[in-house]
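For reference, the structure is listed below as structure tokens.
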Amino acid sequence: MRTYWNTQNGLCTIPEWTPNCWVQVTCPTDEDTDFLENTLGIPDYFLDDIADTDERPRYDHDEGWALIILRIPYVKEVRSRTPYTTIPLGIIMKGEVCITVCNFETNMMIDFVTYQQRRGIGFTDSVDMVFRLFLSSAVWYLKRLKQISALIDQSKRNLDAKVDNADLISLSRLQDSLTYFVTSIRGNETLLSKLKFKLKVDELDADLIEDVNIELSQARETAGIYANILDSTMDTYANLINNNMSQVMKMLTSVSLILMFPTLIASLFGMNLINGMETGWWGFPLAMVLCVVTTFSFWWYFRHKNWI
């Protein structure tokens, strides 16, 4: 889907492409790809790189075309092993052409357009739009991190009441999401430091870059804190599970030992040998009394040692 935006006086849609407009391409179709490659002349491998979900943040330049790949946060609507992840957002520029390409529909881009329309200013140039996209991505990383923090707290409350596999799996998946976030934010920071020298930056852009650096740094530190908290939480619950299992095994071992002694007595007196008790009426009661006394004695000893 293609949308053409006039960025000079506010942000408003226009029916067709004009020089210096912003072309927003979301979930590109074959028609969109044909327009980008044949009408605007974008190198085809640019679109292939953007379509690669594992593509890292980077800057590329070829025959006057500049490609910037930014990693942005994304929440999968369907049930997934990693509900929070990151996806590539491609920014392609050359002269009067400015295009963004994303193979997923994200809340970040919808919010970005809405916020710029509320500002009613638009963008001074394509470089200004690039750094505002960086700023928006940093803000959305912080929003998603708050949601992850709430999910972590909820899972911890559930685990405090009862250790359940579903909650442990949920924490493990959030741990994977934080790993993606930390890696992508660091990549965006490295890319931002390169763009300072690759793009034509004016005074206003320099102030905006400083704001982006602050937001990205805060997002990276927050993601790192949550990742460390989650690591320690997982280690704590793993130790609790191991401790509970040790307690259960100790109790079962103690019970087995207690039952072993009356079994031994019953086995000895149950042998087909002459022991003087086979003809007396008191033989069976004596064997039972010995079993009970032995069981009680060892039970008291193990209880005194806190083994059961």
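Numbers here simply count residues along the sequence, with the first being 1.
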Nearest-0.5 Å distance that lies between atom CG in Leu89 and atom CD1 in Ile72: 5.0 Å
More than 12 foreign heavy atoms under 6.0 Å from CZ of Arg186: is that the case here? no
Would a distance-only check, ignoring hydrogens and angles, find a side-chain to backbone donor-acceptor pair under 3.5 Å from Asn228 to Gly224? yes
Between atom CD1 of Ile42 and atom CD1 of Ile50, what is the distance when rounded to the nearest 0.5 Å? 8.0 Å
Could you check whether Tyr4 and Gln24, counting side-chain N and O atoms only, form a donor-acceptor pair closer than 3.5 Å? no
Could you tell me how the ring of Phe181 sits relative to the ring of Tyr141: parallel (under 30°), tilted (30 to 60°) or perpendicular (over 60°)? perpendicular
From Leu191 CG over to Lys198 NZ, what is the distance, rounded to the nearest 0.5 angstrom? 11.0 Å
Heavy atoms of other groups near Met260 CE, more than 12 under 6.0 Å: yes
Would you say Arg71 and Pro88 make side-chain contact, with heavy atoms under 4.5 Å? yes
Under a single-linkage definition using a 4.5 Å side-chain heavy-atom cutoff for Ile, Leu, Val, Met, Phe, Trp and Tyr, are Val113 and Phe134 assigned to the same hydrophobic cluster? yes
Approximate separation, where rounding is to 0.5 Å, of Leu174 CG and Gln154 CD: 11.5 Å
Rounded distance (nearest 0.5 Å) linking atom CD1 of Ile209 with atom CG of Leu135: 11.5 Å
Under 3.5 Å, is there a donor on one side chain and an acceptor on the other for Asp111 and Trp140? yes
Taking Asp125 for its side chain and Asp128 for its backbone only, find out whether a donor-acceptor pair lies under 3.5 Å. yes
How about OH on Tyr180, more than 12 heavy atoms from neighbouring residues, nucleotides or ligands closer than 6.0 Å, or not? no
Can you hop from Met129 to Val212 via hydrophobic side chains spaced under 4.5 Å? yes
Is a donor on one side and an acceptor on the other found under 3.5 Å between the side chain of Thr33 and the backbone of Thr29? yes
If you round to the nearest 0.5 Å, how far is CZ of Arg220 from CG of Asn213? 9.5 Å
So does Tyr45 have more than 12 non-hydrogen atoms from other groups sitting under 6.0 Å from OH? yes
Does CG belonging to Asp153 count more than 12 external heavy atoms closer than 6.0 Å? yes
Got a donor-acceptor contact below 3.5 angstrom from the Asn6 side chain to the Ile14 backbone? no
Going by atom types only, do Trp5 and Thr13 share a side-chain donor-acceptor pair under 3.5 Å? no
Closest non-hydrogen contact found for Met108 with Ser137 is SD-CA, 3.8 Å
Would you say Lys143 has more than 12 foreign heavy atoms packed within less than 6.0 Å of its NZ? yes
Indicate yes or no for a side-chain donor-acceptor contact from Ser193 to the backbone of Thr190 under 3.5 Å, with no hydrogens or angles considered. yes
Leu145 backbone acceptor or donor facing Ser149 side chain under 3.5 Å: no
